[in-house]
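Counting convention: from 1, in listed order, for ligands and their atoms alike.
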Amino acid sequence: MTDIALIVNGENKTVSVPPETTLLKMLRENLNYTGSKLGCDVGDCGACTVLVDGLAVNACLILAAQAEGKEVLTIEGLSTLEKYHPIQKAFEDVAALQCGFCGPGMIMATKALIDQDQDLTKQEIKDALSGNLCRCTGYTKIIEGVVDAYQEITGKKIPATKPRVA
Ligand code: FES
Ligand code: FES
């Protein structure tokens with residue numbers, strides 16, 4: 001067993017797990033943060049996306065031990081039931097999700113993207129979220145929700161097209 005000390009959603013945690021345990025497995029099975037979903041378990045679907053020191057990672061692809069000493073943020077740390085995060089509110093307002101399975105990963109990937117504070121086009125948002133798969137929606141409403149959240153949080157407007165550089 002390996003002892004791992006880390007911060008999850010602002011709380012100090014120490015967990016003892018077998019060394020081959022993934023971060024996702026530890027979050028779900030040892031710490032009961034089941035918001036991060038187990039989809040493909042091989043890095044293809046993004047359902048397990050969490051933030052590690054502010055960067056979006058597929059929690060199924062890294063070992064829990066690699067999160068030693070780091071700050072992990074899961075969907076549970078984003079808001080309370082009484083107060084949604086603006087990304088969750090934007091998704092709700094446009095009915096971005098259907099079954100919701102992809103939602104936690106999609107929302108965490110969106111948070112990492114918006115936190116970078118870059119000027120983004122709609123196409124760049126689509127590209128940035130291309131690693132997060134949704135089997136239900138066709139993505140149109142999800143991208144609409146991400147655009148709304150981006151504009152709400154940053155105060156920036158998404159340009160219709162990016163100006164061409166001569
Ligand atoms: S469960 Fe991690 S990428 Fe699919
Ligand atoms: S809403 Fe069902 S997988 Fe995205």
Side-chain angles (χ1 to χ4, degrees), residues 2 4 6-9 13 15 17-81 84-116 120 122-153 158:
T2 305
I4 298 160
L6 74 171
I7 299 169
V8 183
N9 299 335
K13 304 279 184 186
V15 189
V17 291
E20 70 275 14
T21 304
T22 64
L23 176 60
L24 180 63
K25 188 175 170 71
M26 183 182 77
L27 288 170
R28 290 178 56 83
E29 297 182 13
N30 297 87
L31 295 173
N32 206 29
Y33 289 118
T34 55
S36 308
K37 300 304 179 203
L38 173 59
C40 64
D41 210 15
V42 292
D44 283 342
C45 74
C48 62
T49 305
V50 299
L51 305 195
V52 177
D53 283 350
L55 297 177
V57 302
N58 289 333
C60 70
L61 281 188
I62 72 167
L63 294 173
Q66 291 174 279
E68 165 74 30
K70 299 189 188 261
E71 285 194 39
V72 175
L73 184 69
T74 73
I75 191 76
E76 289 92 343
L78 209 56
S79 64
T80 63
L81 284 177
Y84 280 178
H85 187 277
I87 299 170
Q88 293 170 306
K89 182 74 172 63
F91 273 47
E92 182 186 49
D93 286 349
V94 300
L97 300 172
Q98 291 180 21
C99 81
F101 189 85
C102 68
M106 203 67 87
I107 288 167
M108 297 312 290
T110 299
K111 175 165 172 52
L113 180 64
I114 292 175
D115 285 352
Q116 289 173 14
L120 296 172
K122 196 167 178 180
Q123 187 57 50
E124 286 166 341
I125 287 174
K126 287 182 184 173
D127 292 345
L129 296 178
S130 62
N132 288 78
L133 305 185
C134 175
R135 64 191 168 188
C136 306
T137 65
Y139 300 100
T140 301
K141 288 290 181 183
I142 289 175
I143 297 303
E144 200 179 317
V146 176
V147 166
D148 288 353
Y150 169 84
Q151 295 186 149
E152 167 74 20
I153 292 168
I158 297 274

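Listed by number with element, the atoms of ligand 1 under 4.0 angstrom from any heavy atom of Gly43 are 3 (S). Near Cys136, meaning under 4.0 Å from one of its heavy atoms, ligand 2 places the atoms 1 (S), 2 (Fe), 3 (S). Close contacts of ligand 1 with Cys48, meaning ligand atoms under 4.0 Å from a residue heavy atom, involve 1 (S), 2 (Fe), 3 (S). The ligand atoms of ligand 1 that sit less than 4.0 angstrom from a heavy atom of Asp44 are 3 (S). Per-residue contacts place Asp41 under 4.0 angstrom from the following atoms of ligand 1 (heavy atoms of the residue considered): 1 (S), 4 (Fe). Short contacts between ligand 1 and Gly39, defined as distances under 4.0 Å to a heavy atom of the residue, involve ligand atoms 1 (S). Close approach of ligand 2 to Gly100 is summarised as follows: ligand atoms under 4.0 Å from at least one heavy atom of the residue are 1 (S), 2 (Fe).
Cys134 lies apart from atom 2 (Fe) of ligand 2 in this respect, since none of its N, O or S atoms is found at a distance under 2.8 Å. Taking 2.8 Å as the threshold, Cys99 counts as a candidate ligand of atom 2 (Fe) of ligand 2, since one of its N, O or S atoms lies below it. Atom 4 (Fe) of ligand 1 has no N, O or S atom of Cys60 under 2.8 Å away, backbone or side chain.
Distance from atom 1 (S) of ligand 2 to its nearest protein heavy atom, with residue and atom name: Gln98 N, 3.2 Å.
Contacts between Leu61 and ligand 1 below 4.0 angstrom, taking non-hydrogen atoms only, are absent altogether. In Thr49, neither the side chain nor the backbone holds a heavy atom less than 4.0 Å from any atom of ligand 1.
When atom types are taken as modelled, the side chain of Glu152 and the backbone of Pro86 share no donor-acceptor pair closer than 3.5 angstrom. Here the side chain of Gln88 pairs a donor or acceptor atom with the backbone of His85 at under 3.5 angstrom. Under a 3.5 Å cut-off, the side chain of Tyr33 and the backbone N or O of Thr74 do not form any donor-acceptor pair.
Closest to atom 3 (S) of ligand 2 by heavy atom, among Arg135, Met106, Lys37, is Arg135.
Considering Val52, Leu78, Asp53, Ile7 in turn, Leu78 is the only one that fulfils the side-chain contact (heavy atoms from CB on, under 4.5 Å) rule with Leu73.
Within 6.0 Å of CD in Glu144 there are more than 12 heavy atoms belonging to other residues, nucleotides or ligands.
With Phe101 as the aromatic partner, Arg135 meets the cation-pi criteria of under 6.0 angstrom to the ring centre and within 45 degrees of the ring axis.
For the residue pair Gln98/Thr137, the side-chain donor-acceptor check at 3.5 Å is not satisfied.
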TODO: Step by step, work out the side-chain contact (heavy atoms from CB on, under 4.5 Å) result for Val42 and Cys60.
DONE: CA-CA 7 Å; Val42 292; Cys60 70; 6.0 Å; no

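Atom 4 (Fe) of ligand 1 lies at the vertex of an angle of 110° between the SG atom of Cys40 and the SG atom of Cys45 (rounded to 10°).
Between the OG1 atom in Thr22 and the CG atom in Leu63 there is a gap of 7.5 Å [rounded to 0.5 Å]. Taken from OG1 in Thr21 to CD1 in Ile4, the straight-line distance is 7.0 Å, to the nearest 0.5 Å.
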